[in-house]
Structures are given as structure tokens and as C-alpha cells.
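Report on the structure given below.
Only a predicted model underlies this, so the values are computations on that prediction, with no experimental measurement involved.
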Amino acid sequence: MKLLLDTHILLWAAGMPGKLSRAARKLIEEPDNLLLFSPVSLWEIVIKRSLDRDDFQVDPRLLHRGLLDNGYEELPVTSGHALAAGDLPPLHKDPFDRMLVAQSIEEGVTLLTSDPFVARYPGPVRKV
């Protein structure tokens with residue numbers, strides 16, 4: 001299964017695995033699952049880190065290198081993803097989360113999230 005990790009799940013998997021739910025850990029550790037990350041998550045980290053958000057203090061360059069070194073694949077952002085984000089219902093206002101949902105829908109990959117508002121979107125979104 002192809003899994004796109006939302007930003008918090010990605011941060012927890014990379015540096016604070018104890019924050020992951022049992023279900024999230026099981027899916028992430030399953031060797032047959034392909035783990036994906038989006039540049040959108042790195043962009044979110046860069047922006048929120050510059051705002052001194054306590055939950056976004058990881059070095060995005062180190063995170064990026066670590067993800068690649070650990071077998072994660074990058075899911076590039078396309079114009080199709082941008083257009084799909086515009087078609088989403090207004091369930092959530094966060095543009096980063098909306099883009100991740102659009103990417104999961106357009107690519108047919110499951111988005112793992114801990115956010116109950118993100119999980120309300122139709123399509124391959126799974127709250128863990």
C-alpha cells in the first residue's frame with residue numbers, strides 16, 4: 001500500500017515515534033508499504049518553524065535527508081494537485097492539509113493523519 005504521511009505523522013515517525021498511535025506504527029513499519037512524503041510538509045515545517053512554533057522545530061534539511069536515507073519517496077506537487085485542492089469541500093482551512101488531501105486523491109494513495117478534521121475528507125484519508 002502507498003502511504004502519504006501528513007506533516008505531524010511524518011515528524012513523529014522521524015523523531016518522536018512514541019507519539020504515533022499503535023495503528024500508525026503498524027502501517028509505517030509494514031515492509032510492504034511504500035512511505036511517501038510531500039514537499040508540502042517540508043514547506044509547512046519551514047514556515048511554521050520561522051514563526052517559532054514549538055511543534056515545528058526540526059531542521060527541515062536534516063529531516064529531508066533522513067527521509068530519503070530511510071527509504072521514503074518524495075511525491076512531487078503538480079498543477080493537477082493544485083487544481084484538485086480547489087475542488088475540495090471547505091472542511092478544513094489549512095492550505096497544507098488541503099494540498100496533502102488533494103495529492104492523496106489525485107494519486108490514489110492513502111493519507112495518514114491524526115487530524116480529525118482532515119479525516120472528514122472523502123477519498124483515501126485514514127485517521128490513525
Worksheet item: Heavy atoms, side chains only, cut-off 4.5 Å: are Ile105 and Pro124 in contact?
Response: yes
Fill in: Nearest atoms (heavy-atom pairs only) where Leu3 meets Leu27
CD1-O, 3.7 Å
Item to complete: Flag the pair Asp97 / Thr113 as yes when at least one side-chain heavy-atom distance between them is below 4.5 Å, and no otherwise.
Response: no
Worksheet item: Is any side-chain heavy atom of Phe96 less than 4.5 Å from a side-chain heavy atom of Asp6?
Response: no
Item to complete: Taking the side chain as every heavy atom from C-beta outward, state whether His81 and Glu107 have any atom pair closer than 4.5 Å.
Response: yes
Worksheet item: Is the shortest heavy-atom distance from the side chain of Thr7 to the side chain of Leu100 under 4.5 Å?
Response: yes
Worksheet item: Between Ala85 and Ala102, what is the shortest heavy-atom contact and its length?
Response: N-CB, 3.5 Å
Item to complete: Test side chain to side chain contact (heavy atoms under 4.5 Å, CB included) on His92 and Asp115 and set out the steps.
Response: CA-CA 10 Å; His92 197 13; Asp115 186 325; 3.4 Å; yes
Item to complete: Return yes if some donor-acceptor pair links the side-chain N/O of Asn33 with the main-chain N/O of Met1 below 3.5 Å, else return no.
Response: yes
Discussion item. With rounding to the nearest 0.5 angstrom, report the CG to CG distance, Leu11 to Leu20.
Written reply: 10.5 Å
Discussion item. Quick one: does any side-chain atom of Gln103 pair with a main-chain N or O of Leu75 as donor and acceptor, under 3.5 Å?
Written reply: yes
Discussion item. Quick check: do Ser38 and Met99 have side-chain heavy atoms less than 4.5 Å from each other?
Written reply: no
Worksheet item: Does Leu88 belong to the same Ile/Leu/Val/Met/Phe/Trp/Tyr cluster as Phe117, with side-chain heavy atoms less than 4.5 Å apart forming each link?
Response: no
Worksheet item: With no hydrogens and no angle check, is any side-chain donor or acceptor of Arg53 less than 3.5 Å from a backbone partner on Lys48?
Response: no
Worksheet item: Thr78 versus Glu106: any side-chain heavy-atom pair under 4.5 Å?
Response: no
Worksheet item: Counting N and O atoms only, with roles assigned by atom type, does the side chain of Arg98 sit under 3.5 Å from a partner on the main chain of Pro89, one being a donor and the other an acceptor?
Response: yes
Worksheet item: Can you name the nearest heavy-atom pair linking Lys127 to Ala119, along with the distance?
Response: CB-CB, 3.7 Å
Worksheet entry | ILVMFWY cluster, Leu35 and Val77 together (side-chain gap under 4.5 Å) | no
Worksheet item: Is there a path from Tyr121 to Leu36 through hydrophobic residues (I, L, V, M, F, W, Y) whose side chains come within less than 4.5 Å of each other?
Response: yes
Discussion item. Would you say the rings of His64 and Tyr72 are close, in the sense that their centroids are separated by under 6.0 Å?
Written reply: no
Fill in: For Leu42 against Pro60, the heavy-atom pair lying closest together
CD2-O, 4.0 Å
Worksheet entry | Over 12 foreign heavy atoms within 6.0 Å of CZ, Arg25 | yes
Practice prompt. First locate atom CG of Leu112, then atom CH2 of Trp12, and finally report the distance between them rounded to the nearest 0.5 Å.
Written response: 12.0 Å
Item to complete: Please report the closest heavy-atom contact between Leu91 and Arg120, naming both atoms and the distance.
Response: CD1-O, 3.5 Å
Discussion item. Quick check: is Phe37 connected to Val101 through a chain of hydrophobic side chains (ILVMFWY, heavy atoms under 4.5 Å apart)?
Written reply: no
Discussion item. Let me confirm one number: the CD1-OG distance from Ile9 to Ser21, rounded to the nearest 0.5 Å.
Written reply: 6.5 Å
Fill in: Note, Leu10 side chain near Leu67 side chain (heavy atom, < 4.5 Å)
yes
Discussion item. Counting only heavy atoms from other residues, nucleotides and ligands, does the tally under 6.0 Å from NZ of Lys2 exceed 12?
Written reply: no
Practice prompt. Find out if a path of hydrophobic residues (ILVMFWY) with successive side-chain heavy-atom gaps under 4.5 Å connects Leu34 to Leu4.
Written response: yes
Worksheet item: How many angstroms lie between atom CG of Leu5 and atom OG of Ser114, to the nearest 0.5 angstrom?
Response: 10.5 Å
